[in-house]
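Position 1 is the first residue of the sequence; numbering continues from there. Ligands are counted one by one from 1 in listed order, and the atoms in each one are counted from 1 as well.
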Amino acid sequence: MKHSNFLLYLIISLFFSCSQDTIQQKEIGIIPKPLFQELDKGVFIMDEKVLLVSDPKLSEVSDYFKIYLEENYQIEFNAQKGIKKIIFTINDTIPNEEEYELKIEEENIFIESKNARGAFYAVQSLIQLLPLPSDLNSFKIPCLRIKDQPQFTYRGMHLDVGRHFFSVDFIKKYIDLMAKLKMNTFHWHLTEDQGWRIEIKKYPKLQEIAAYRKETLIGHYNDQPHQFDGKPYGGFYTQEQIKEVVAYAKTRQVTIIPEIEMPGHSQAAIAAYPELGCTGEQVEVATKWGVFDEVYCPKESTFKFLEDVIDEVVSLFPGKYIHIGGDEAPKTNWKNCEYCQKLIRKEGLEDEHGLQSYFITRMEKYINSKGKQIIGWDEILEGGLAPNATVMSWRGTKGAVQAAKEGHDVILTPGSHCYFDHYQSENENEPLAIGGFLPLEKVYHFNPIPEGLTDKEAKHVLGAQGNVWTEYMQTEKQVEYMAFPRAIALSEVLWSSPKHKNYSDFIHRLEQYQKRLDQLEVNYANHIYSVKGELINSKGNLAYQLSTTSSSYPIYYSTDKSFPSKLYSTPITVDTSMHIKAVVLDSKETPLGAVFQQKINLHKGVGATIAIDKEPHPAYNAGGKNALINGISGNNKRYGDKEWLGFSGEDIIVTIEFDNPKNIKTISTRFYNGKGQWIYAPNEIGFSFYLEDGKTVNDITILEEKNNLLVNYSYELKSTAVKKLDIIVKNYGTIPEGKQGAGHKAWTFIDEIIIE
Ligand code: ACM
Ligand code: ZN
């Protein structure tokens with residue numbers, strides 16, 4: 001450590017007094033958890049004048065800390081010299097830029113790092129050791145030593161400002177919240193079908209036309225028929241505002257990656273300049289969600305437009321990467337476009353996927369010539385990956401595995417673990433979201449290194465990112481609700497050692513962290529005190545187990561619809577159909593979370609043996625096959641819970657076998673029919689019943705296609721002693737033209753099979 005070149009840079013005197021006290025290890029609640037921390041005896045008490053001393057190269061960080069203290073603790077600085085110091089030092093022996101050492105002694109606090117990045121993270125840890133500004137009667141910091149560094153270099157959060165537009169102040173708040181979690185990359189999704197949000201001076205119609213839509217879809221895309229609010233909506237960031245945000249992010253050690261989508265998700269730009277599309281027809285800025293056929297036509301004039309846009313973008317964003325999108329670009333217009341077809345032949349391309357690859361590779365070359373690298377969504381693998389591209393894997397992790405094996409860097413954002421636009425609780429009253437189910441715990445247990453990579457290939461995994469698509473987030477408050485606390489769990493996935501992974505320890509620290517979020521007026525989702533339930537089948541004896549994420553407060557329950565008043569200790573015996581209610585109450589019997597409710601229908605299938613000839617898709621198999629006969633129906637609005645099972649493009653045969661033959665009158669179930677998400681109810685269901693007398697009865701029902709989100713199905717049979725039955729569920733097949741996901745196989749989602 002070099003002490004020689006200290007500049008006496010800032011002099012801060014802090015006037016606080018408090019009693020000396022010891023602090024327990026459990027009270028050190030830093031998120032993300034540091035790599036190494038050791039508590040020492042004693043505390044650093046801010047009751048005397050404290051000097052802030054910094055190497056000039058770290059003055060930006062010590063300034064940041066000074067301002068933080070001033071703003072949050074109303075400290076009156078005094079230039080008098082004190083006896084305690086907070087010392088920021090450059091230590092060249094520290095190997096990594098984001099690494100830091102923080103040592104708190106009774107008389108001094110030492111922060112050492114290679115550069116400002118590490119120092120900034122040391123300050124973030126230190127801030128979390130300070131009392132809450134509302135709790136100032138104990139301004140003491142435990143003596144300890146921390147040595148810390150991240151697991152991954154790319155620790156990102158994304159925000160879609162195309163579907164809904166958010167203020168510059170909010171963007172700064174979002175960046176600030178990320179930075180506190182030691183996240184270092186903000187992926188700013190700036191262009192969409194529903195709005196172009198970045199000022200491009202050379203193309204004024206992007207501001208006049210592409211930035212505004214005439215109205216917006218009301219409710220969920222799956223609600224039919226579509227209804228609109230009739231209100232114009234839009235906005236864009238001026239280049240001055242973007243510079244301001246970029247400069248702000250720099251003070252938080254956050255790099256911004258701008259995303260300019262191509263060739264798809266470009267309808268807004270094509271609305272402004274119809275000649276950018278294949279047909280040249282005038283289209284409007286999209287007013288609903290989804291994937292649109294309007295994509296850029298790869299004409300020379302289109303490339304000129306995109307290169308001009310990139311020129312202005314490059315001048316605004318100093319980071320290494322430009323994200324060029326590449327996802328969800330339907331090939332319909334290219335198939336029907338004479339120019340595109342000629343180009344495919346001229347370039348010797350295989351097909352339209354080859355054309356997409358040509359498009360991206362050509363733009364990559366241009367962007368590389370500006371000294372920047374491209375990132376694209378995993379569709380850029382189709383038809384061949386551009387030579388230097390980094391792949392952002394969102395459709396699972398397959399894209400990441402393939403790209404890493406081809407020697408490309410990858411960033412993991414799989415829908416299963418990183419889509420923070422999905423629901424986060426099973427509570428039916430959650431605010432409207434796109435669908436899916438991604439609870440906090442699942443994010444916490446994410447491993448960004450996908451299976452199937454060698455150690456060498458795994459080095460291409462730069463990290464991961466939480467994606468916040470805003471179709472269903474109209475307000476900044478709603479963005480906060482969806483992003484937090486899941487971004488907090490992700491920060492720990494990306495920064496902390498997997499060796500320290502411990503969800504209950506994380507939750508304990510999160511309870512403290514949430515108090516800081518309260519102070520910052522963040523509308524995070526608080527599901528720590530929500531009750532969860534699970535039916536347990538122990539050798540045919542059924543019981544319902546309740547739990548909460550935090551064990552700080554007890555659960556109360558009822559089984560008769562009354563307000564929960566019985567203290568829960570052991571699983572509730574389920575020997576009849578029942579309606580369980582449960583809630584977490586504090587010592588004053590005030591509910592800390594919403595009342596949980598679960599109906600259990602003890603039908604004849606519950607406790608039987610079930611087999612399915614195909615595995616459900618791993619992302620939609622939370623409850624396993626027994627979820628179909630556990631007496632519990634899935635959520636009415638969401639297929640991603642632990643009751644629905646999802647199958648991708650396959651017919652399935654469900655076999656249910658009884659210990660003793662059962663007289664069965666009806667078999668009913670239901671299918672999810674969310675066509676916007678490529679999920680279709682089947683058109684055909686077959687049955688085979690294996691009777692006690694050795695006979696087999698077969699039947700097939702053809703179902704009419706419906707547009708309801710939930711399709712109920714019920715089959716009646718003459719009450720017969722059935723030993724075993726097969727239900728054959730045919731997949732819908734290929735999604736027709738003109739529908740979301742056209743050309744792909746539909747998904748099948750099936751709920752509880754109720755046997756009566
Ligand atoms: C995406 O979610 N379309 C990348
Ligand atoms: Zn074309």
Is the F303 to F359 ring centre distance short of 6.0 Å? yes
Is a salt bridge present between E426 and K642, judged by a nitrogen-to-oxygen distance below 4.0 Å? yes
Judging by distance only, is a nitrogen or oxygen of H265 under 3.5 angstrom from one on ligand 1? no
Could you tell me if the ring centre of W188 sits under 6.0 Å from that of H323? no
Are any of the N/O atoms in D327 less than 3.5 Å from those in ligand 1? yes
In ligand 1, which numbered atoms sit nearer than 4.0 Å to a non-hydrogen atom of W469? 1 (C), 2 (O), 4 (C)
Check the pair D193 / H265 against side chain to side chain contact (heavy atoms under 4.5 Å, CB included), numbers first and verdict last. CA-CA 5 Å; D193 299 305; H265 287 293; 2.8 Å; yes
Measure the distance from atom 2 (O) of ligand 1 to every protein heavy atom, then report the residue, atom name and distance (to 0.1 Å) of the closest one. Y419 OH, 2.6 Å
Can you give the angle C297 SG - the Zn ion (ligand 2) - C337 SG, rounded to 10°? 120°
Polar contacts were defined as any N/O atom of the residue lying under 3.5 Å from an N/O atom of the ligand; does this apply to W394 and ligand 1? no
Enumerated ligand 1 atoms positioned under 4.0 Å from heavy atoms of E328: 3 (N)
Does the plane of the ring in F749 sit parallel, tilted or perpendicular to the ring in Y620? Use 30° and 60° as the thresholds. perpendicular
Pi-cation contact, F152 with R155 (under 6.0 Å, within 45°): no
